[in-house]
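All residue numbers refer to positions in the sequence shown, counting from 1. Not measured: the values here are computed from a predicted model.
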Amino acid sequence: MPQTQLLRVQNFNVSSDGFGAGENQSLERPFGHADPGTMFAWAGATASWPNRTDPGGSRGLDDYFTRDFAHNIGAEIMGRNKFGPHRGPWQDHDWQGWWGDEPPFHTPVFVMTHHPRPSFTLSDTTFHFVGGDPAEVLAQAREAAQGKDVRLGGGAATIREFLHADLVDTLHVAVSPGVKLGSGSRLWESPDELLDRFHRDVVPSPSGVTHHLFWRR
C-alpha cells in the first residue's frame, strides 16, 4: 500500500561542512554566526523567492525548488530553535516567531518543545506547541494536514531526530559549497551517511549550490 502522506524535508540548506546553522543563536542572529544571506543566496536569486521586492529573478532548477516549497504541504513540524532563540520555560508570550504578522507557512505548524504554551494564529498560520516523541508529533501533524504531506522544517537537530526514528520519506538538501561554518548545528558529517536507507541523486546548479535529493529505499 503506497504511503499517501509523506514526511518531507524541503529546501533545507547546509554549509559545505554540513551545518544548517552556526553557533551563538540570538534574537538578532537566528542562524548564529552563519550568514543566511550567503547560505540562501541561491533561493533569494530566484523569480519565485517569496520575499522578492523587485521583478525578475532566475528561472530553472533553483526556481523550481523555491516554487515547489509549499506544493501539497498541509502542516509543518519544526524544532523550538527554528521558532525562536529562547531556552527553558517561556518567559514572553508576546514573542511570536521570527516572521512577523504573515509567516511563510500558511498551514498549521507544530513546534516541538518541552515547555507548553497556548496556540496562536498569525494570518493563515497557527502555531501549536507540542511535546512527545517524533512519532507522536508526526501523528498530530498528519491529522492536521488533512491528507496532504507534512514538511519537516528543521533545524538540523530536529531533522536528525526524525531520521533516527526512521520517519523521513524524502529530503531535499541544498549544499552551499562556498560556505564553511566549522561549528554549529550539524545535519551530517557527509551525505553518504544516509545511503543505507535512501536513494540519492546529486544535481549541481548553475548558481553553484548542489541539490541532494533523497528518497526511501
Could you pull out the closest heavy-atom pair between [X] and [Y], with the gap in Å?
| X | Y | answer |
| --- | --- | --- |
| R186 | E189 | NH1-OE2, 3.5 Å |
| A75 | F110 | CB-CE1, 4.3 Å |
| A135 | L167 | N-CD1, 3.6 Å |
| P177 | S16 | O-CB, 3.6 Å |
| G74 | P108 | O-CD, 3.3 Å |
| S185 | A157 | OG-N, 3.8 Å |

Notebook entry, point to check: So with a 6.0 Å cut-off around CD of E193, is the heavy-atom count from everything else above 12?
Noted result: yes
Checklist line | Heavy atoms from other residues, nucleotides or ligands near CG of D192 exceed 12 (cutoff 6.0 Å) | finding: yes
Please check if the side chain of [X] supplies one atom and the backbone of [Y] the other of a donor-acceptor pair under 3.5 Å.
| X | Y | answer |
| --- | --- | --- |
| W98 | K82 | yes |
| H128 | S119 | no |
| N11 | F69 | no |
| D62 | A43 | no |
| E143 | Q140 | no |
| D17 | K180 | no |
| S176 | V179 | no |

Do [X] and [Y] come within less than 4.5 Å of each other through their side chains, counting heavy atoms only?
| X | Y | result |
| --- | --- | --- |
| T170 | F198 | no |
| L171 | L213 | no |
| L138 | R142 | yes |
| V175 | W188 | yes |
| L163 | R197 | yes |
| P134 | H164 | no |
| V9 | R151 | no |
| Q25 | F31 | no |

Identify whether [X] and [Y] are in the same connected component of the hydrophobic contact network (ILVMFWY, side-chain heavy atoms under 4.5 Å).
| X | Y | answer |
| --- | --- | --- |
| V137 | L152 | yes |
| L27 | L122 | yes |
| V168 | I77 | yes |
| V14 | F162 | yes |

Notebook entry, point to check: Does the gap between the ring centers of W90 and F129 come in under 6.0 Å?
Noted result: yes
Margin query: Please report whether the ring centroid of F105 lies less than 6.0 Å from that of W99.
Written below: yes
Roughly how far, to the nearest 0.5 Å, is the [atom2] atom of [Y] from the [atom1] atom of [X]?
| X | Y | atom1 | atom2 | value |
| --- | --- | --- | --- | --- |
| N51 | F40 | CG | CZ | 11.5 Å |
| N72 | Q5 | CG | CD | 9.0 Å |
| F12 | L187 | CZ | CG | 5.5 Å |
| I73 | K148 | CD1 | NZ | 9.0 Å |
| R217 | L194 | CZ | CG | 11.0 Å |
| N81 | T158 | CG | OG1 | 7.5 Å |

Margin query: Set out, in order, the CA-CA distance, both residues' side-chain angles and the distance that settles side-chain hydrogen bond (donor to acceptor under 3.5 Å, both in side chains) for S205 and S207, then state yes or no.
Written below: CA-CA 5 Å; S205 166; S207 66; 3.1 Å; yes
Next item on the list: Carefully, step by step, assess F83 and M112 under the rule side-chain contact (heavy atoms from CB on, under 4.5 Å).
Entry: CA-CA 9 Å; F83 178 79; M112 296 179 69; over 6 Å; no
Say whether [X] and [Y], considering side chains only, have a donor N or O and an acceptor N or O under 3.5 Å apart.
| X | Y | result |
| --- | --- | --- |
| H86 | D92 | no |
| D63 | S48 | yes |
| D124 | H106 | yes |
| E102 | S123 | no |

Notebook entry, point to check: Charged N to carboxylate O under 4.0 angstrom, R8 versus D169?
Noted result: no
Margin query: Salt bridge check, D54 against R52: does any charged N sit closer than 4.0 Å to a carboxylate O?
Written below: yes
Checklist line | Residues D201, W215; criterion side-chain hydrogen bond (donor to acceptor under 3.5 Å, both in side chains); working and verdict | finding: CA-CA 9 Å; D201 279 345; W215 64 100; over 6 Å; no
Next item on the list: Starting from the C-alpha separation in whole Å, work towards a yes-or-no answer on side-chain contact (heavy atoms from CB on, under 4.5 Å) for L61 and V203.
Entry: CA-CA 9 Å; L61 181 66; V203 188; 3.6 Å; yes
Item checked: Criterion side-chain hydrogen bond (donor to acceptor under 3.5 Å, both in side chains) against W42, the qualifying member of T210, N13, T66 -> N13
Checklist line | Audit row: Q96, F120, side-chain contact (heavy atoms from CB on, under 4.5 Å) steps and yes/no | finding: CA-CA 8 Å; Q96 295 185 320; F120 65 86; 3.7 Å; yes
Check: Considering residues at least two apart in sequence or located in another chain, which fulfil the side-chain contact (heavy atoms from CB on, under 4.5 Å) criterion with Y64?
Finding: R67, D68
Check: Between H115 and R80, does a side-chain contact (heavy atoms from CB on, under 4.5 Å) hold up when you go through it step by step?
Finding: CA-CA 10 Å; H115 301 280; R80 179 171 173 176; 3.4 Å; yes
Next item on the list: Please say which of H211, H212, H71 ends up in a ring-ring contact (aromatic ring centres under 6.0 Å, His included) with F65.
Entry: H211
